[in-house]
Structure formats: C-alpha cells, structure tokens
Amino acid sequence: MSTPAEPANLMEALVSLAKRRGIIYPSSEIYGGLNGFFDYGPVGAELKRNIRDCWWRDMVQRRDDIVGLETSIIMHPKVWEASGHVAGFTDPLVDCKVSKQRYRADQLFWAKVVVEGIVVTQTTTEKVVSTLEGDDRSKHIHTHYDLPTIGYVSALESERTKEELFEKAEQLRRKKHVQGKLLPLEVKDFTEATEAEIALIPSPATGEPGSLTPPRSFNMMFQTNVGAMSDASSVAYLRPETAQGMFVDFKNVVDTTRVKLPFGIAQIGKSFRNEITPRNFIFRSREFEQMEMEYFIHEDADWAQCHEEWIVWCENWLRSIGLPDSHLSRYTHPKEKLAFYSRGTVDIMFKYPFGVQELWGIAARGSYDLTQHAAASGKPQEIFDEATKKKFTPHVIEPAVGVDRILLAVLAAGYAEEDVTDDKGNVEQRTVLRLSPRIAPVKVAVLPLLKNKEPLTARARALHAKLRRRYAVQYDDGGAIGKRYRRQDEIGTPWCVTIDFDTIEKPGDTFTLRERDSMQQRRITEAELFALLDEQVY
RNA sequence: GCGGCUAUAGUUUAAUGGUAAAACCUCUGCCUUCCAAGCAGGUGUCGUCGGUUCGAUUCCGACUAGCCGCUCCA
C-alpha cells in the first residue's frame with residue numbers, strides 16, 4: 001500500500017533532491033555560487049537532453065512543414081536595434097527610499113509648480129528679505145515677482161496624469177498659502193529630471209520630496225565586445241531570445257530548402273537575460289535555454305485559427321512528456337496589454353509550487369519582425385505569391401518555451417513522498433520522481449539480485465551491454481536489492497530488471513521487471529523488454 | 001536594486017567564546033534469494049573576508065549565496 005503525498009515545502013525538497021542526486025547544482029558553488037546561474041549534473045544533463053530531443057523530434061523531424069536551425073548566440077548588434085531589444089530592454093527604475101516602492105522612470109511624471117504674480121505670504125516675504133541688505137530690499141522683492149516656484153508635484157502614468165498633477169499643484173499652492181494663478185504645468189517624466197530636481201520632486205507614495213533615487217538603468221541584455229579592441233564600435237550582445245535568428249535567416253531558409261508557406265523554423269539554444277531578480281530556482285535564471293519555433297503563414301491566412309492550433313499542439317506535447325492536466329491552464333493576454341505589434345498572446349500556465357506561472361507563450365506577432373528587419377537591413381523579407389503574382393511579407397505564430405521551465409515542471413509534478421508499508425507492518429517513506437519514460441534520465445536499471453553470485457552478475461552484465469546500445473541504462477550491484485530500487489525511484493527510472501535465480505536456473509531466460517510507480521513485479525523476457533521500451537520510450 | 005529572515009558534512013539537523021556531533025547519503029570489503037537489513041572501514045577548510053578577544057563556528061561588520069515580500073520578466 002502506498003499513499004502519495006506532497007511534502008510541506010515542495011521547492012525545498014526539490015532543490016535538495018536535485019543536489020543530492022546530481023540533477024542540478026548551483027553554478028560555481030565552490031566560489032560561493034553565482035546568482036541566477038545553475039549547472040546540470042549527470043542525471044540532470046540526461047533529463048534536459050531528453051526534453052530537448054523529444055521536442056526536436058516532434059517539432060522538426062516528425063513534421064513535413066518545419067525545419068531546424070542553429071544560429072549564433074552573438075549576432076550583429078543591429079539585429080537587436082531592429083528587433084526593439086536595445087530600446088525596449090532598458091527600463092530605468094526609480095526607488096522611493098521611504099516607502100520602498102519602485103517605479104519605472106518613464107511612467108513617473110512630475111512638474112514644477114510655478115505661480116504667476118506676487119508672493120504675499122508673510123513667511124515667504126521674510127525669507128526673501130533676509131537674504132538681502134540695506135536699500136536693495138524693496139527693489140529685490142519687486143524683482144522676485146516672476147520667480148515663485150513653490151514646489152514640485154509627481155504622479156504615476158494613468159489616463160488622468162495631467163489632471164492629477166494639476167490637482168496636486170493646486171493643493172500645494174493652498175497649503176503654502178500662496179496667492180496667484182498657476183502657470184500651465186510642464187509635464188516631464190522622471191528620466192528628464194536633473195539631479196537638483198530629483199531632490200525636490202516628491203515621492204508619489206509619501207508626497208514628500210527627498211526620498212527618490214536617481215533613475216537606474218537595467219538593460220536586460222548582456223553586453224560583450226567582439227574583437228581585440230573594447231570600444232563603442234565593438235559592442236555586441238548575448239541574445240536574449242533565439243527567435244531573431246529565425247527572422248534574420250528567414251530568406252536563407254526560403255532560398256535554400258524548398259519550404260513553402262505555411263512553414264516553420266525551429267531552434268533550440270541558450271539565451272541570456274540580466275534579470276533584476278532571478279528567483280524560484282531554475283524558473284527565472286540569467287542563462288537559460290529556449291525552444292522556439294516561428295511558423296510563417298500567408299498574410300491573408302486565418303491567423304487566429306492557426307494560433308489556436310498551435311496552442312493545442314503545445315498542450316498535447318506537454319501531456320506527452322507527463323505533465324498532468326490538473327497543473328496546466330491558459331492565460332489569454334488582455335488586448336489592451338498586448339505589445340503594439342502583437343495580435344494575440346496566450347500563455348500555457350503551469351501550477352508550480354510557488355504559484356501558477358507562465359510556461360509556454362504562443363504569440364501571434366503579425367509581420368512585425370520581418371518588417372523591422374526588412375527596414376533596418378534594406379533587404380525585403382518577402383515571399384512571392386504564385387496565385388496573385390504579388391510579393392508579401394508573411395505573418396508569424398511563435399510558440400516559445402523554456403527548457404529549464406519544463407524541467408522544473410516535470411520535477412515538481414513528478415515528485416512524491418509516499419508512505420510504504422512493508423510485510424511486517426513497518427511504515428517507511430519512499431521518495432519517487434514520476435517522470436515519463438520519454439524523458440526519464442535512466443530508462444532501465446539492470447540489477448543482479450546478488451553481487452557475489454557470478455552467474456547472476458554475468459547475465460546482468462550481458463543484458464546491460466545489450467540495452468545500453470540503444471537506451472540510457474544503469475548497472476547497479478551495490479547493497480540490498482530494495483535499496484537499489486529506491487535509489488532508482490529518486491531519479492525517476494521507470495523500470496528495474498532484476499536478474500535472479502529463476503533467470504539462470506529455470507527455462508525461458510526471464511527477468512523480474514519492477515515498475516516504478518506501482519512497485520509491481522512481473523516476469524519478462526529480453527525480447528519483451530525491448531518491445532516495451534520501443535513502445536514507451538519514443 | 002530595497003526590506004525582513006537565513007548560512008555547521010553530499011542531504012537534513014545538533015551543540016559550543018577553548019580547533020565540532022548525529023542520522024541519512026556516498027565509497028570499499030564481508031554478508032545478503034526481491035523493496036532504503038546487518039557488520040567492518042573511508043570521506044568534514046562550520047559560506048567568504050575583516051574586526052573584537054589570549055583564543056571566534058559562536059560576538060560585531062562587510063561581502064557572497066538562499067528563502068519571503070516589493071519591483072522586473074519586452
């Protein structure tokens with residue numbers, strides 16, 4: 001009997017297991033680690049490779065309409081200017097030191113409040129006078145008529161930013177007991193404030209000046225230099241997405257591979273983003289691996305239907321590697337929040353231990369990317385339509401997913417701690433990773449029942465040698481048999497075959513096949529074992 | 001980047017101002033006829049750097065990393 005159960009803190013359990021079993025290590029650990037970077041250990045490397053291979057086989061090799069591509073990680077810097085990443089990845093941010101709020105500088109607006117006319121309040125007059133001497137006093141007061149800046153106001157970007165600023169300015173005028181008429185406000189955003197002004201602009205949270213920091217720029221792209229000289233002309237970027245490779249090589253693929261619309265170009269590769277806050281283990285890291293596909297369609301095609309078909313394809317693929325429906329959902333981006341070039345974006349969400357988060361984004365991008373590159377490079381990115389005899393720029397549907405996010409999802413969905421009751425009634429805990437045979441790092445463990453009986457180990461080694469030609473398998477003769485089963489459970493090995501005395505003493509050359517999830521055993525021949533693997537590991 | 005909490009063996013945790021302990025894991029040998037058995041043995045720079053102190057794993061500071069919240073994720 002076994003009872004599946006989720007541990008109280010699933011993430012902690014996963015991080016611990018990942019380290020203990022060689023799935024994921026912190027990067028550069030002996031030097032104290034490096035925030036946002038991770039290494040995949042021997043077991044993790046197999047798991048990750050299997051996820052990539054499954055995707056590539058299903059997305060590229062088993063389809064007629066999609067071809068693969070591998071572009072360089074460092075591309076011409078103009079690629080990222082054309083794509084909008086150089087501008088779009090720079091988000092200057094402002095912190096309020098008192099309220100601990102953070103604002104985007106381009107969404108925080110402010111204005112100097114200037115009042116037309118004479119400053120008549122007693123306090124203000126005295127202040128001005130005290131800085132003057134002798135006969136100059138009256139004269140100087142007079143010349144200050146046109147100087148009365150009474151303060152600053154700020155407001156966040158909204159539909160009524162200007163009204164809000166005006167109201168605040170009016171409040172400020174009354175609060176300071178200043179007579180006169182407000183001059184029209186000159187609204188600027190925070191990126192345009194000088195150092196002196198920053199000290200005087202009030203925080204929208206507190207209404208008091210002096211707590212805002214100067215805007216700090218966070219460019220999400222990692223910069224590097226190409227060539228021996230490090231100057232402005234040699235600046236290059238590590239790609240923040242693989243997609244631009246497909247757009248930039250679009251014409252090459254069209255001209256050299258006989259593809260016809262609709263068709264897709266797929267790529268798997270590393271991308272880099274200098275995330276402000278890497279979080280949640282490998283979910284958001286600074287170096288990660290993407291699997292992206294750009295599906296090009298005719299400009300007159302029914303993009304919405306194509307979009308929906310790809311969403312369904314992606315959902316089915318996630319199921320095929322073992323993610324349960326109970327953890328999957330959809331999020332449709334609201335129209336008003338879409339990027340201006342996007343016609344629609346749907347995210348397939350996964351219920352991670354830390355919340356429901358984006359796993360796979362399927363975006364309808366129109367012809368934005370190809371059009372941008374055509375304009376920036378001066379080379380049209382068009383296809384000739386034989387029917388209408390006209391050239392046009394194709395539109396694109398882009399399913400983009402992170403390998404690391406899938407890997408974390410299969411770990412989270414597959415991890416279980418079960419209470420197992422043995423024959424004597426003792427309850428013990430069993431940790432098991434229920435990974436699909438498609439992606440399991442080890443498909444079969446070959447176990448001689450006893451280590452010190454040569455006929456058993458000889459048969460086991462022979463089987464192991466034969467299996468390993470086609471599948472990732474392990475040979476393990478250490479310790480008691482039950483311990484070896486549990487060891488394989490922890491890395492998600494779907495099957496163990498045990499070479500026992502029946503194998504060598506009885507006719508039929510059968511082994512014990514032990515199944516991971518049910519722990520059930522049955523006898524199986526070598527031919528049946530290979531047939532099972534051929535069917536399940538695809 | 002800000003705030004709060006944290007850092008002892010591969011993992012999970014103890015104890016201590018006088019150079020550290022347990023369990024599990026792992027490795028070696030013996031044993032073992034199916035679910036983490038037993039026996040014997042091996043494996044440890046208390047995250048890093050500085051300060052206080054005769055002496056710091058322990059107290060203080062900085063840094064690094066992790067968790068939570070804010071922010072960000074085109």
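Sequence lines set the chain letters: A, B, ... in the order given, protein chains first and strands last, and positions in each chain run from 1. Both backbone and side-chain heavy atoms feed into the values below; hydrogens, waters and symmetry mates do not.
- The CD-C1' distance, from A:Gln521 to B:C35, rounds to 8 Å in whole Å.
- Spacing between B:G17 and B:U26 at atom P, rounded to whole Å, works out to 35 Å.
- We find that CG of A:Asp347 is positioned 9 Å from P of B:A74, with the value rounded to whole Å.
- With distances taken from any side-chain atom of A:Pro240 to the nucleotides B:U33, B:U26, B:A74, the minimum falls on B:A74.
- Across B:A37, B:U11, B:C72, the shortest atom-to-atom separation from the side chain of A:Lys19 is found for B:U11.
- A salt bridge is absent between A:Arg365 and A:Glu294: the closest approach of a Lys/Arg side-chain nitrogen to an acidic carboxylate oxygen does not fall below 4.0 angstrom.
- Under the 4.0 Å criterion applied to side-chain N and carboxylate O atoms, A:Glu46 and A:Arg21 are not assigned as salt-bridge partners.
- Taking atom CG of residue A:Leu513 and atom P of nucleotide B:C34, one finds them 18 Å apart after rounding to whole Å.
- The aromatic rings of A:Tyr352 and A:Phe283 sit perpendicular, their planes meeting at an angle over 60°, well past the 30° parallel limit.
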Distances under 3.5 Å between nitrogen or oxygen atoms of protein and nucleotides 61-67 of chain B:
from  : atom 1 : to      : atom 2 : distance (Å)
B:U64 : O2'    : A:Gly32 : O      : 3.4
B:A65 : OP1    : A:Asn35 : N      : 3.2
B:A65 : O4'    : A:Gly32 : O      : 3.2
B:G66 : OP2    : A:Asn35 : ND2    : 2.2

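- Looking only at side-chain heavy atoms (C-beta outward), A:Phe511 and A:Leu447 stay at 4.5 Å or farther from each other.
- A:Gln429 comes within contact range of at least one nucleobase, with a heavy-atom separation under 4.0 Å.
- Rounded to the nearest Å, the gap between the P atom of B:U58 and that of B:C25 is 32 Å.
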Practice problem: Given side-chain contact (heavy atoms from CB on, under 4.5 Å), test A:Tyr25 with A:Lys19 step by step and report yes or no. | Solution: CA-CA 5 Å; A:Tyr25 311 127; A:Lys19 174 79 185 289; 4.0 Å; yes
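- The gap from the C1' atom of B:U8 to that of B:A21 amounts to 10 Å, rounded to the nearest Å.
- Closest to the A:Ser16 side chain, of the nucleotides B:U11, B:C27, B:U33, is B:U11.
- When each of A:Gly479 and A:Gly482 is assigned the nucleotide of RNA chain B bearing its nearest heavy atom, the one mapping closer to the 5' terminus is A:Gly479.
- Below the 3.5 angstrom threshold, one finds no donor paired with an acceptor across the side chain of A:Glu275 and the base of B:C73.
- The nearest whole Å value for the distance from the CE atom in A:Met221 to the C1' atom in B:C72 is 16 Å.
- Atom name C1', nucleotides B:U32 and B:A37: the rounded distance is 8 Å, in whole Å.
- Between the C1' atoms of B:A36 and B:C68, the separation comes to 34 Å (whole Å).
- Spacing between B:U52 and B:U12 at atom C1', rounded to whole Å, works out to 33 Å.
- Here the side chain of A:Arg486 is nearest to one of B:U11, B:A36, B:U33, namely B:A36.
- In this structure, the side chains of A:Gln474 and A:Thr493 stay at 4.5 Å or more apart for every pair of heavy atoms.
- Among the nucleotides B:C34, B:A74, B:C27, the one closest to the side chain of A:Arg273 is B:A74.
- A:Phe350 does not carry A:Arg405 over the face of its six-membered ring by the limits of under 6.0 Å from the centre and within 45° of the normal.
- Here A:Lys451 reaches the OP1 or OP2 of B:G29: one of its side-chain N or O atoms lies under 4.0 Å away.
- For A:Arg20 and B:C25, a side-chain-to-base donor-acceptor distance below 3.5 Å is absent, hydrogens and geometry of angles not being considered.
- With hydrogens and angles ignored, no donor-acceptor pair under 3.5 angstrom links the side chain of A:Arg484 to the base of B:C35.
- In this structure, the CD atom of A:Gln520 is 17 Å from the P atom of B:C34, given to the nearest Å.
- Across the protein-nucleic acid pair, A:Arg487 atom CZ and B:U26 atom C1' stand 9 Å apart, rounded to whole Å.
- Counted by atom type alone, A:Ser271 and A:Gln290 present one or more donor-acceptor pairs between their side chains at under 3.5 Å.
- Residue A:Asn452 places at least one side-chain N or O closer than 4.0 Å to OP1 or OP2 of B:C31.
- Rounded to a whole angstrom, the distance from the P atom of B:U48 to that of B:U53 is 23 Å.
- Using a 30° and 60° split on the angle between ring planes, A:Trp360 and A:Trp317 fall in the perpendicular class, above 60°.
- Counting any heavy atom pair closer than 4.0 Å across all strands shown, A:Glu490 reaches a base atom.
- Comparing the C1' positions of B:U64 and B:C35 gives a spacing of 43 Å, expressed to the nearest Å.
- Figure legend: cation-pi geometry between A:Arg434 and A:Tyr415 absent, as NZ or CZ is not positioned both under 6.0 Å from the six-membered ring centre and within 45° of its axis.
- Residues meeting the side-chain hydrogen bond (donor to acceptor under 3.5 Å, both in side chains) test with A:Gln357, sequence neighbours left out: none.
- Base engagement by A:Glu241 is indicated by at least one non-hydrogen atom pair under 4.0 Å involving a base atom.
- What separates NZ of A:Lys453 from C1' of B:C34 is a distance of 15 Å, to the nearest Å.
- Note: CD (A:Glu29) to P (B:U11) measures 7 Å, nearest angstrom.
- Between A:Arg522 and A:Glu528, none of the side-chain N atoms (NZ, or NE/NH1/NH2) sits under 4.0 Å from a carboxylate O, so this pair counts as no salt bridge.
- Both thresholds, 5.5 Å between centres and 30° between ring planes, are not jointly met by A:Tyr485 relative to the base of B:C34, so the two rings are not stacked.
- For RNA chain B, each stem of at least three Watson-Crick or G-U pairs (distances under 3.5 Å) is given as range with range: B:1-7 with B:64-70, B:10-13 with B:21-24, B:26-30 with B:38-42, B:47-51 with B:59-63.
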